[in-house]
Amino acid sequence: MISGEFLLILTPALFAVLSLGLKAIRALTAKVPFFDKTIITVAAAAHLIMTLLLPCGQPAADVLIGLDSLNYLFLLILSVLFLASALYSTVFIKEMAVLIREAHDEKYNHWYVPTMLFTLSTLSGVIMSRNLGLMWVFIEATTLSTAPLILHHKGKESLEAVWKYLFICSVGIALAFIGVLAMTEAAKTNPGLNVDSLTAGAANISPLWGGIAFVFALVGFGTKMGLAPMHTWLPDAHSQAPSPASAIFSGALTISAFLCILRYYQIFCHTPMISFIRQLMLILGMVSLFISAIYVTRAQNFKRKLAYSTIEHMGILSIGMGLGGAAVYAAMLHTLCSSLAKHSLFLTSGNFLHAYGTVNVKEIRGGLDRIPQSSWLLVTGTLALLGFPPGALFITEFSMLRQMAAAGRWVTLLMFALFLTVIIYGLVSAVMRMAFSTPMRGGAAHDKHHEPILCVAPQWVFVVAAALLGIHIPERLNTILHQAAAVLGGN
Amino acid sequence: MIHNLVVVLFGVTLLYISTTSRLGGYVKVLSVQGFLLFLFALSHAGTLKLGHTLILGFETLVVKAVVTPLFIHYIIEKLEIKRVTEPYVDNFVSLIATTTVISLSFILSVALRNAGAGVDVLTFSISISAVVVGLLIVITNAKLITHVMGFLVLENGVFMMSLSLASEVPVVVEAGVLLDVFMGVFLMGIFLNRMKSTFESSDVTLLRRLKD
């Protein structure tokens with residue numbers, strides 16, 4: 001019998017094949033955009049419905065894929081974000097089709113929908129894997145399935161970005177494989193590489209090899225997650241992919257790699273090694289915040305600014321795990337809410353690109369006159385992302401600060417606050433300029449630009465959700481968050 | 001005996017690759033490394049089932065020793081890539097660096113063994129060295145095609161390590177073979193996009209359009 005979890009991986013892949021198959025039929029060429037729109041929406045909706053129907057108890061022993069509270073949370077994030085990207089994509093696909101009809105030189109990208117769906121399939125695989133080896137295979141698959149999305153515009157910059165992405169990530173993935181090897185050596189008595197049995201038998205794992213395994217896993221998957229100093233591919237790749245795809249990169253791809261690191265963290269969370277692991281994560285997190293603080297103010301391309309802000313949030317997650325205790329719960333909530341906020345900002349940046357033909361901060365003026373809805377989204381989304389109250393990110397960052405103070409880590413606290421302040425300045429000044437400045441004279445038209453409902457509605461939902469979660473967290477979600485933190489030895 | 005000889009020869013190829021400045025030399029070294037890994041895999045054949053031995057034999061002898069070097073050679077000819085490697089550092093410096101890497105790997109492995117980790121010092125240190133030397137090749141060379149060859153040296157190191165650490169779990173070793181998919185994508189990418197013409201020459205110094 002095929003399990004529900006397996007269907008979650010299989011279904012998007014089947015829809016992708018269907019999309020490719022329909023394109024092979026000559027007679028249907030004119031209908032391709034319509035089919036693509038339908039397929040991506042139906043697949044995304046089906047994925048979300050199946051996710052909501054799946055139970056998230058304790059999976060049976062030694063299964064390859066299965067859901068506990070921790071990966072259920074991540075799967076839920078992926079599913080919701082993908083639905084938003086899919087709805088946004090319907091407008092994006094329509095515009096690609098219009099461009100062809102008007103005989104512009106741009107071609108309809110036949111690979112867009114299939115690669116998005118393959119990405120959904122492989123990401124579901126990464127998230128649901130309960131076996132370290134299988135998880136590694138899926139991470140490699142995500143790298144390959146996302147590459148065509150970065151190559152979307154087919155220019156020199158895209159080629160450069162995709163080369164950097166593939167090369168740096170493949171070196172990272174090779175290093176992560178050494179982590180898997182070290183784990184097989186560490187747990188000689190327990191060679192199945194199953195996360196649950198490794199966690200249960202953590203006392204028998206050789207600390208020496210276990211330490212090596214974690215270091216390689218952290219560096220390897222950290223590359224994919226975007227932790228500095230292995231982050232150099234991330235701003236290029238995120239700025240080159242079309243907005244609905246880069247939103248998925250920033251919101252779901254990075255946190256899937258984070259989950260891989262968490263699985264190694266989980267194995268050791270009740271052993272004495274955890275203090276060493278926490279120290280490492282704290283250091284890498286702080287380096288990421290530092291790099292992000294430097295570059296977020298310097299970058300002129302707004303999507304690159306957002307990419308550096310992604311690095312910032314990965315750093316915060318890493319710091320949260322490094323602090324342990326109550327900060328683990330904060331990191332879980334932070335994962336959820338920062339994904340929602342980042343995703344909505346990346347989608348909104350697509351609206352600016354459409355209206356102005358650029359995302360360069362210096363060339364965008366008077367957004368409030370031209371695209372009022374997107375501009376308000378930009379402002380509120382940025383405030384939510386930066387942790388202004390009442391947004392949930394305020395709560396999470398505040399509880400991390402409190403944890404630092406309680407543990408007497410004053411230097412960490414000072415650096416954390418300083419870097420965050422710089423990042424807030426870098427993003428807010430750019431956003432204010434884009435939204436509230438007076439329009440350039442004789443520049444891009446002052447008149448209103450049409451904003452389709454599907455290009456703003458998903459973001460409003462996410463921004464409002466990120467704000468409301470700071471005030472009240474629904475009971476069921478809160479249970480999942482607490483259980484996820486408990487899996488990782490936090491509370 | 002044969003096992004140790006193969007590993008030592010593999011170490012020698014690492015020293016050779018750091019002194020050569022011809023792309024052709026790199027390609028030959030990759031082919032030799034593939035053949036050595038084949039012998040290395042054969043020396044583990046006793047612990048593996050027939051099916052696994054066949055897969056690993058095919059991977060090393062056909063993919064690593066023959067097909068990949070031939071394809072790289074074909075790309076170099078077809079795209080008329082200049083035959084020198086254009087490293088940023090002197091051959092002498094890179095030889096010293098490689099020697100240092102190998103020595104440090106031995107020190108690390110011995111330290112690991114003394115700390116109680118059951119580890120085959122020779123194999124472990126040579127495979128770790130291959131990983132680091134591969135990274136060094138990537139860092140110290142300008143050409144994209146040399147980067148791919150550096151990645152292949154790294155991958156060969158990972159393969160050797162996987163056989164020595166995880167030969168009792170052959171599925172894991174075979175999963176590692178999937179890294180070759182990347183290698184294929186890189187080579188196809190260079191070939192199909194004629195990376196030389198796209199970046200004017202296939203030179204990473206021109207990969208500077210995207211920056212802050």
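A quick note: this is a predicted structure, and the numbers were derived from the prediction, not measured. Letters A, B, ... mirror the listed sequences (proteins, then strands); counts begin at 1.
The parts of Leu178(B) that come within reach of chain A are both its backbone and its side chain, each placing non-hydrogen atoms under 4.5 angstrom from that chain. At a 4.5 Å heavy-atom cutoff, Thr232(A) makes no contact with chain B through either its backbone or its side chain. With a 4.5 Å cut-off on non-hydrogen atoms, Leu208(A) touches chain B through its side chain but not through its backbone. For Leu112(B), the parts lying near chain A are the backbone and the side chain together; criterion is any non-hydrogen pair under 4.5 Å. At a 4.5 Å heavy-atom cutoff, the contact between Val158(B) and chain A is made by backbone and side-chain atoms alike. Contacts between Val131(B) and chain A at a heavy-atom distance below 4.5 Å involve the side chain alone, from C-beta outward. With a 4.5 Å cut-off on non-hydrogen atoms, Val172(B) touches chain A through its backbone and its side chain both. Contact of Leu132(A) with chain B is not made at all, since no heavy-atom distance falls under 4.5 Å. Heavy atoms of Leu193(A) lying under 4.5 Å from chain B belong exclusively to its side chain. Interface remark: Phe159(B) contributes no atoms to any contact with chain A (heavy atom separation under 4.5 Å).
Within the 4.5 Å cutoff, no side-chain heavy atoms of Phe35(B) are placed close to those of Lys64(B).
Here Ser170(A) is the residue among Gly192(A), Ser170(A), Cys169(A) with the most heavy-atom pairs under 4.5 Å with chain B. Heavy-atom pairs under 4.5 Å with chain B were tallied for Val171(A), Leu134(A), Val162(A), Val180(A); the largest tally goes to Val171(A). In terms of non-hydrogen atom pairs under 4.5 Å with chain A, the most contact-rich of Leu179(B), Val171(B), Val181(B) is Leu179(B).
For Thr119(A) and Thr146(A), the side-chain atoms include no donor-acceptor pair closer than 3.5 Å.
Relative ring orientation between Phe214(A) and Tyr264(A) is described as perpendicular, the plane-to-plane angle rising above 60° on a 0-90° scale split at 30° and 60°. Note: Tyr295(A) and Tyr308(A) have parallel aromatic rings, judged against thresholds of 30 and 60 degrees for the angle between ring planes.
Salt bridge present: Arg304(A) and Asp236(A) bring a charged side-chain N and a carboxylate O closer than 4.0 Å. Residues Arg83(B) and Glu77(B) are paired through a salt bridge, judged by an N-O separation under 4.0 Å between the basic side chain and the carboxylate.
The number of heavy atoms from other shown groups lying within 6.0 Å of NE2 (His73(B)) does not exceed 12.
In this structure, Phe186(B) has its ring center under 6.0 Å from that of Trp163(A). Between Phe151(B) and His147(B), the ring centre distance reaches or exceeds 6.0 Å.
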